[in-house]
J.: 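Just passing along the structure, written as structure tokens.
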Amino acid sequence: MTSTDAAVADVVIAGAGPNGLMLACELSLAGVRPVVLERLPARSGRPKANGIIGQVVGLLHQRGLAGAPAPVPAFVFGAMPLNLAGLDGNPLRALPVRQPELEELFERRATELAVQIRRGHELTGFEQDAEGVTLAVTGPEGPFELRTRYLVGCDGAHSLVRKRAGIGFPGVSAPDVVSRTAHVTVPGAVVRPGTAEMEVPGHGTFALYTWHRTERGAYAMLPTGPGELSVTAMEWGCEVPGDDVPMTIGELRASLARVLGADLPLAPPTGEGPHLLRRLNGRETRVADRYRAGRVLVAGDAAHVHSAMGAPGLNLGLQDAANLAWKLAAELQGWAPEGLLDTYDAERRPAAERVALHSSAQLALAAPGPDVTALRTLFAELLDDDANRRRVAALMAGSDLPYPTPGSGHPLAGRFLADLPAEPASRARPLLLDRTGELRVRHERVETITVPSCPAEAVLVRPDGYVAWAGTPDETLTRALETWFGKGVEVAA
């Protein structure tokens, strides 16, 4: 093995998916220049997620990567309608963007920020010591070593980083669930967006855009282009081919017929690819038993896997990246208060466990059988209540579990502050919002701005958009500034 990189990188990120690229952008905004290793020579373009749901939409707006988010008037929970229209305090936001376009957006921003993205470079192993991590990498010109102070695995559910670091991945499997998805055309179909339905002459009318349950399974149909749909059929307890047997549109058609009780004609897509054709046998729900092992950390799917019900994955993973970036930058720049980096695990692992809980509950609510039907009937009655709808919406948004904030009992503390009155360029540093303009407390690393509409007399906001402290300025504000951002507090005379 030859050593072609003598310099030590501050951070190396394994994986250039959305989470890895988001982390790279956030680190760069915080003054750290990471190196991203990606084994694929180019973005795959493979269809995956079709949008982002949750609090991170507000963060992307703050970073100038998305427009101002509006509340979602309707959503779905466990293939049950969740009516949020007119709901006071509705926290659920959405960004309808497909994953290939999202990755392109992040990569463009990363390039603007001078991030090194090394495609065609595969991490094959590593060894860490007290000062850093030595990586074994295979690139287009052969194997070499790369030295870094920290390694972050954003390398997916089968993460090599997590495995080699000795980080456990406990959880449960649901082997009796199988889902099949493909991009298809439906001959003769007429999509009616106004009613969220598709009419197929001789076959009937079918609901679109979200999950729907029948007594035999669940299905989802999403228009992806002129005349083209992404169709998914999910079944429980049926015999399926092994993983070595290629998936076909005919197999999806047979599965969908069993779920619908009607044979819907499906044909291959005609548009430009890549096109999705996938079978998933079983469902894994797992959360890493720790997010850090020395100088090695994990984020995104490397730290947690779960059902896609409710589309919580990107909200969870992208917030991992935003949470970790500023803390890792503080550690590298030498000003991190003691224990700051450990709060990454303390804050984000409970968030993953919460997603694992509700995505598993949604999968159970979508299952066939009379017992589940009875449960759904009762659950639907509960969703007639505004307080319950608001609670479920907060669960889906990820806003129902605030971060621990010792020393601040204000209701805003530990929660994401969506309406930050600053330009995107300043959003990667902490802010102290002052309602009066007369705040006497200052910190050398915190930007103080006067905001007459501030929701409290003063609000201390972390770089990831979460409130570290709020209330009337006193000694607790000074302690919060030092707890999160180190020494450097000044009190004007």
Side-chain angles (χ1 to χ4, degrees), residues 10-13 19 22-34 59 128 130-133 148-154 165 167 288-300 303 318-352 401-408 410 412-417 426-432 441-448 459-470 475-490:
D10 282 332
V11 181
V12 169
I13 301 167
N19 301 315
M22 176 76 169
L23 176 61
C25 291
E26 291 290 294
L27 283 167
S28 186
L29 288 173
V32 173
R33 292 291 180 266
L59 180 64
Q128 68 167 308
E131 302 299 323
V133 189
T148 183
R149 294 172 68 185
Y150 285 93
L151 169 65
V152 184
C154 296
I167 296 173
D289 61 10
R290 51 186 172 142
Y291 280 17
R292 178 187 179 191
R295 290 180 173 266
V296 179
L297 303 103
V298 291
L318 295 177
Q319 288 204 79
D320 287 349
N323 186 293
L324 174 59
W326 70 274
K327 297 171 183 177
L328 192 53
E331 192 74 24
L332 288 163
Q333 292 162 357
W335 60 262
E338 184 178 356
L340 179 66
L341 190 54
D342 291 331
T343 65
Y344 169 59
D345 178 285
E347 292 177 347
R348 294 310 299 161
R349 200 149 54 87
L401 188 67
Y403 293 155
T405 51
S408 181
H410 194 279
L412 285 175
R415 298 189 180 278
F416 182 75
L417 190 63
S426 68
R427 294 284 170 77
R429 66 177 302 180
L431 299 174
L432 183 54
V441 180
R442 299 286 187 271
H443 192 287
E444 62 182 6
R445 279 181 287 275
V446 179
E447 179 182 357
T448 301
V459 179
L460 179 61
V461 187
R462 307 179 339 177
D464 56 0
Y466 279 80
V467 174
W469 177 95
E475 69 279 358
T476 63
L477 171 57
T478 300
R479 285 199 296 269
L481 285 163
E482 292 182 341
T483 296
W484 292 104
F485 308 115
K487 301 297 183 181
V489 176
E490 297 179 359

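In what follows, residues are counted from 1 in the order of the sequence shown. Not measured: the values here are computed from a predicted model.
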J.: Any donor-acceptor pair under 3.5 Å linking the side chain of Gln333 with the backbone of Ala30?
T.: yes
J.: side-chain contact (heavy atoms from CB on, under 4.5 Å), that's the test. Do Glu482 and Lys487 meet it? Break it down for me.
T.: CA-CA 5 Å; Glu482 292 182 341; Lys487 301 297 183 181; 4.0 Å; yes
J.: side-chain contact (heavy atoms from CB on, under 4.5 Å), that's the test. Do Arg462 and Asn323 meet it? Break it down for me.
T.: CA-CA 9 Å; Arg462 307 179 339 177; Asn323 186 293; 3.5 Å; yes
J.: Which atoms form the tightest heavy-atom contact between Lys327 and Leu340, and what is the distance?
T.: CD-O, 3.7 Å
J.: Can you name the closest pair of heavy atoms from Ala351 and Leu401 and give their distance?
T.: N-CD2, 4.1 Å
J.: Parallel, tilted or perpendicular: which describes the rings of Trp326 and Trp335, with under 30° parallel and over 60° perpendicular?
T.: parallel
J.: Nearest 0.5 angstrom please: Asn19 CG to Leu23 CG, how far?
T.: 9.0 Å
J.: Applying side-chain contact (heavy atoms from CB on, under 4.5 Å), run through Leu59 and Gln319 and close with a yes or a no.
T.: CA-CA 9 Å; Leu59 180 64; Gln319 288 204 79; 5.5 Å; no
J.: Quick one: list whatever passes ring-ring contact (aromatic ring centres under 6.0 Å, His included) with Tyr466, sequence neighbours left out.
T.: Tyr403, Phe416
J.: Would Tyr291 and Leu324 satisfy side-chain contact (heavy atoms from CB on, under 4.5 Å), going step by step from the backbone distance to the final call?
T.: CA-CA 10 Å; Tyr291 280 17; Leu324 174 59; over 6 Å; no
J.: Look only at the side chain of Gln128 and the backbone of Arg295, and say whether a donor-acceptor pair between them is shorter than 3.5 Å.
T.: yes
J.: Mind checking the CZ-CZ spacing from Arg445 to Arg429? Nearest 0.5 Å is all I need.
T.: 10.0 Å
J.: Report the residues that fulfil ring-ring contact (aromatic ring centres under 6.0 Å, His included) with Trp484, sequence neighbours left out, ordered by chain and then residue number.
T.: none
J.: Look at the side chain of His443 and the backbone N and O of Gly486, then say whether any donor-acceptor pair between them is shorter than 3.5 Å.
T.: yes
J.: Indicate the atoms forming the closest heavy-atom contact of Leu432 with Val441, along with that distance.
T.: CD2-O, 3.8 Å
J.: Using 0.5 Å steps for rounding, measure from the CZ atom of Arg290 to the CG atom of Asp345.
T.: 9.5 Å
J.: What is the distance from atom OG1 of Thr483 to atom CG of Leu477, rounded to the nearest 0.5 Å?
T.: 10.5 Å
J.: Output all residues satisfying side-chain hydrogen bond (donor to acceptor under 3.5 Å, both in side chains) with Asp342, sequence neighbours left out; order by chain, then residue number.
T.: Arg292
J.: To the nearest 0.5 Å, what is the distance between CZ (Phe485) and CD (Glu444)?
T.: 12.5 Å
J.: Please name the pair of heavy atoms, one in Thr148 and one in Val12, separated by the smallest distance, quoted to 0.1 Å.
T.: OG1-N, 3.3 Å
J.: If you look at every heavy atom in Ala470 and His410, which pair is closest and at what distance?
T.: O-CB, 3.3 Å
J.: Please check: side-chain N/O of Arg33 versus main-chain N/O of Ser28, any donor-acceptor pairing under 3.5 Å?
T.: yes
J.: When you compare the side chain of Leu341 with that of Tyr150, does any pair of heavy atoms fall below 4.5 Å?
T.: yes
J.: Over all heavy atoms of both residues, which pair between Thr405 and Ala413 is shortest? Give the atoms and the distance, please.
T.: OG1-CB, 3.3 Å
J.: Could you tell me the separation between the CG atom of Asp464 and the OH atom of Tyr344, rounded to the nearest 0.5 Å?
T.: 12.0 Å
